[in-house]
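First comes the structure, then the notes that go with it.
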Amino acid sequence: MTKAEKDILRYFRNYHVGANEMLFFNTNPANATTSSFTMAMASLIDSGLVNRERRRNAYSLTDDGYEASRCA
């Protein structure tokens, strides 16, 4: 897992987001540049750890993503 992916999962954990709870992202607090954030988020989605929500910049953790965020 890349540093950017771990940063994203830590961001979920810092806000006490559980599985299937939506969180809105601004790339600056995630400590990632726009391109690295986009690539890392796409990787997390492809891995089945994060779901993209209908609302703009909103994502939620899957059950596996929640478990991964606890270890990130």
Side-chain angles (χ1 to χ4, degrees):
M1 187 172 294
T2 67
K3 181 185 179 319
E5 290 169 341
K6 287 179 184 177
D7 287 343
I8 290 170
L9 292 176
R10 282 189 203 109
Y11 195 71
F12 278 104
R13 187 179 68 215
N14 289 341
Y15 282 93
H16 306 284
V17 174
N20 302 313
E21 294 179 342
M22 190 168 29
L23 182 66
F24 292 85
F25 272 82
N26 177 347
T27 58
N28 290 333
N31 295 324
T33 62
T34 303
S35 62
S36 65
F37 172 83
T38 303
M39 290 173 38
M41 188 59 82
S43 176
L44 291 170
I45 292 168
D46 291 343
S47 299
L49 300 176
V50 174
N51 290 319
R52 183 182 311 243
E53 298 294 333
R54 285 184 173 180
R55 295 188 138 176
R56 185 172 185 226
N57 298 325
Y59 301 89
S60 63
L61 292 172
T62 62
D63 291 333
D64 290 339
Y66 174 71
E67 290 302 319
S69 75
R70 295 177 66 204
C71 300

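Everything numeric here is computed off the predicted structure, so don't read it as measured data.
Here the CZ atom belonging to R52 is positioned 9.5 Å from the CG atom belonging to N57, to the nearest 0.5 angstrom. Atoms CZ and OH, on F24 and Y15 in that order, are 13.5 Å from each other to the nearest 0.5 Å. Between the CE atom in M22 and the CG atom in N20 there is a gap of 11.0 Å [rounded to 0.5 Å]. Distance check, rounded to the nearest 0.5 Å: OH of Y11 to CG of D7 gives 11.5 Å.
The shortest non-hydrogen separation linking A40 to I8 is CB-CD1, 3.7 Å. Across all their heavy atoms, S36 and A4 have their closest contact at O-CB, 4.2 Å. Smallest separation of non-hydrogen atoms from D63 and A19: OD1-CB, 3.2 Å. Contact between C71 and R13 at its shortest, heavy atoms only, is C-NH1, 4.4 Å. When all heavy atoms of S69 and L9 are compared, the closest pair comes out as CB-O, 3.5 Å.
M39 belongs to no multi-residue hydrophobic cluster, having no ILVMFWY side-chain contact under 4.5 Å with any other such residue.
Every salt bridge (Lys or Arg N to Asp or Glu O under 4.0 Å) that E67 has, sequence neighbours left out, goes to R70.
Annotation: side chain of V50 is in contact with side chain of F12 (closest heavy-atom distance under 4.5 Å).
Heavy atoms of other residues, nucleotides or ligands lying less than 6.0 angstrom from CZ of R10 number more than 12.
Listed for the S47 side chain is no donor-acceptor partner under 3.5 Å among the backbone atoms of L44.
Only one option out of L49, I45, N51 pairs with Y59 in a side-chain contact (heavy atoms from CB on, under 4.5 Å); it is I45.
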